[in-house]
Protein chains: 2
Amino acid sequence: MKAKTEIEKNPTTEEKIKEAARRVFTRKGYAATRTRDIAEESGFNLALINYYFRSKEKLFDLVMLENLQLFIHSVMGIVNNPETTLQEKIEILVSHYIDMLIKNPDVPIFVLSEINADPKKLISRLGFDKVNHQKIYLVKQWMELAAAKKVPAFNPIHIMINVLSMTIFPFIASPLLRNRTSMSLEEFNQLMEERKKLIPVWVNAILRTG
Amino acid sequence: MKAKTEIEKNPTTEEKIKEAARRVFTRKGYAATRTRDIAEESGFNLALINYYFRSKEKLFDLVMLENLQLFIHSVMGIVNNPETTLQEKIEILVSHYIDMLIKNPDVPIFVLSEINADPKKLISRLGFDKVNHQKIYLVKQWMELAAAKKVPAFNPIHIMINVLSMTIFPFIASPLLRNRTSMSLEEFNQLMEERKKLIPVWVNAILRTG
DNA sequence: GTCTATAGACTGATAGAC
DNA sequence: GTCTATCAGTCTATAGAC
């Protein structure tokens with residue numbers, strides 16, 4: 001196993017092709033991507049893709065798994081941390097997520113539309129097993145606060161949906177939003193930076209609602 | 001021009017094919033859809049698609065335009081109504097949107113991922129012209145309330161983003177969300193029904209934040 | 001390991017019978 | 001209007017030279 005910085009500096013052909021595939025698949029989706037596009041993007045020949053990865057689909061699965069990790073796994077470490085308060089979890093989650101999304105703006109729409117295209121694959125092929133929702137530390141903390149009536153009694157899933165919605169959705173709607181409001185990419189990113197501080201405040205206001 | 005109810009009861013072959021195309025395109029996206037899929041779904045032969053619509057792309061453009069109307073135009077009539085208050089606009093918008101989304105859950109991810117795949121087409125081919133954002137009645141009302149300090153001074157676009165995020169995003173993330181929480185479609189729809197009343201309350205709480 | 005050339009399957013579109 | 005049959009182009013994957 002190579003260290004990450006070493007991979008970035010001295011990528012092998014295999015790694016170069018995988019990174020090219022990640023860029024193309026994430027931008028255009030599985031069906032619209034041709035293996036020729038990946039070959040061209042990587043700077044190598046078409047035949048090498050099959051030499052290293054056997055098929056378009058196997059290469060896609062690798063890319064999908066990486067993007068899924070980026071999209072989901074980053075959350076899990078945060079919401080499961082027993083050392084932070086509910087409020088802190090939300091602040092950290094939103095801030096880290098927006099940083100990731102500014103770097104990888106195409107990831108959410110890629111992941112969600114590919115899952116929508118083939119929901120079965122999510123579980124069967126990518127080995128994406130379920131978690132017991134009750135065991136997540138954030139849910140535990142919520143339950144305790146609800147018992148002490150410090151937080152409203154509605155389904156805590158609503159709060160999780162709201163945090164993720166307000167954080168992720170603007171990136172998914174970005175092309176349409178920017179077109180409708182004649183907004184540059186820089187202005188958009190600036191707006192998202194503002195939301196790092198605003199969303200936790202808003203969520204706090206929502207929590208006081210019940 | 002036939003009346004809508006008449007179309008639903010006595011659809012011509014052309015209308016049947018277009019409806020079949022709408023279902024298939026909206027579920028699988030442009031690139032993953034084969035003209036043969038549409039033929040099969042419509043119950044007619046492949047050749048008829050070209051007889052009525054000349055090409056896959058022209059048929060797609062029709063479907064895209066309809067879905068875009070569903071996705072956007074429904075908003076415009078509501079946010080531009082001078083007869084309703086800001087608060088009423090939000091209530092009506094959320095309620096109508098959620099009704100539409102429960103009936104057409106695939107529309108948002110379809111529209112947004114196709115726009116993401118080819119943003120230029122949005123304007124050049126589909127004739128989707130810009131609106132002057134300042135002229136929208138909702139923005140006007142916001143400005144007046146902000147001037148009277150009844151509403152926070154941050155960019156009103158944030159509120160619009162929040163309303164649309166909390167309303168639309170759960171439908172986009174539905175397959176993933178339902179998988180992670182082992183939620184049935186009925187339970188999900190019930191959760192969305194709850195949000196019709198909750199979102200306006202939450203937005204109100206956000207508005208008192210500034 | 002990396003390339004060129006090509007096989008083999010599939011796709012969108014059309015010709016032509018009825 | 002609706003069908004069957006088929007063309008021409010494109011795609012993934014592989015064989016084989018270096």
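Only this structure's heavy atoms are used, side chains among them; waters, hydrogens and symmetry mates stay out. In what follows, chains are A, B, ... by sequence order, proteins preceding strands, each numbered from 1.
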Review point. Mind checking whether A:Glu66 and A:Asp61 have side chains closer than 4.5 Å, heavy atoms only?
Key: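 No, every pair of side-chain atoms sits at 4.5 Å or beyond.
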
Check your understanding: Are any non-hydrogen side-chain atoms of A:Arg195 and B:Asn162 less than 4.5 angstrom apart?
Key ->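 They are in side-chain contact.
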
Residue [X], side-chain atoms from C-beta onward, closest of [options]:
X       : options                : answer
A:Leu48 : D:dA13, C:dG12, C:dT2  : C:dT2
B:Arg34 : D:dA13, C:dG12, C:dA13 : C:dG12
A:Tyr52 : C:dG12, C:dT2, D:dT14  : C:dT2
A:Thr13 : C:dT14, C:dT2, C:dC3   : C:dT2
A:Phe44 : D:dC3, D:dA13, C:dT2   : C:dT2

From [atom1] of [X] over to [atom2] of [N], roughly how many Å is that when rounded to an integer?
X       : N      : atom1 : atom2 : result
B:Leu59 : C:dA13 : CG    : P     : 10 Å
B:Lys58 : C:dG12 : NZ    : P     : 16 Å
B:Ile38 : C:dA13 : CD1   : P     : 10 Å
A:Asn45 : D:dG16 : CG    : C1'   : 14 Å
A:Asp37 : D:dC11 : CG    : P     : 8 Å
B:Glu40 : C:dT11 : CD    : P     : 12 Å
B:Leu46 : C:dA13 : CG    : P     : 9 Å
B:Arg54 : C:dA13 : CZ    : P     : 10 Å

**Study point:** Check ion pair A:Lys16-A:Glu19 (N to O, under 4.0 angstrom)
**Key:**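 No salt bridge links A:Lys16 with A:Glu19.
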
Check your understanding: When all nucleic acid strands are considered with a 4.0 Å heavy-atom cut-off, which category describes B:Arg36: base, sugar-phosphate, or nothing?
Key ->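 Since a base atom lies under 4.0 Å of B:Arg36, the category is base.
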
Review point. How would you label the contact of B:Tyr51 with the nucleic acid (heavy atoms, under 4.0 Å): base, sugar-phosphate, or nothing?
Key: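 It contacts base atoms.
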
Exercise for review: For A:Phe71 and A:Phe110, run ring-ring contact (aromatic ring centres under 6.0 Å, His included): C-alpha distance rounded to whole Å, both residues' side-chain angles, the deciding distance at 0.1 Å, then the answer.
Suggested key: CA-CA 10 Å; A:Phe71 191 64; A:Phe110 167 82; over 10 Å; no

Review point. Listed in order of residue number, which residues of residues 16-32 of chain B have a non-hydrogen atom at under 4.0 Å from DNA chain D?
Key: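 Per residue number, the list is empty: none.
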
Practice item. Report the residue from A:Thr33, A:Asp106, A:Asn67 that forms a side-chain hydrogen bond (donor to acceptor under 3.5 Å, both in side chains) with A:Thr26. Key: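 Among A:Thr33, A:Asp106, A:Asn67, the one meeting side-chain hydrogen bond (donor to acceptor under 3.5 Å, both in side chains) with A:Thr26 is A:Asn67.
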
**Study point:** C:dG12 OP1/OP2 closer than 4.0 Å to side-chain N/O of B:Asn50
**Key:**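 Checking B:Asn50 against C:dG12: no side-chain N or O falls below 4.0 Å of OP1 or OP2.
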
Practice item. Assign each of A:Ser55 and B:Glu14 to its nearest nucleotide of DNA chain D by heavy atoms, then name whichever residue's nucleotide is nearer the 5' end. Key: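 With A:Ser55 and B:Glu14 compared, the 5'-side residue is B:Glu14.
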
Review point. Taking atom CD of A:Glu40 as the centre, does the number of heavy atoms from other residues, nucleotides or ligands within less than 6.0 Å exceed 12?
Key: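 Count not over threshold, so no.
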
**Study point:** Gap between atom CE of A:Met76 and atom CD1 of A:Ile78 - 0.5 Å precision
**Key:**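 CE of A:Met76 is found 11.0 Å from CD1 of A:Ile78.
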
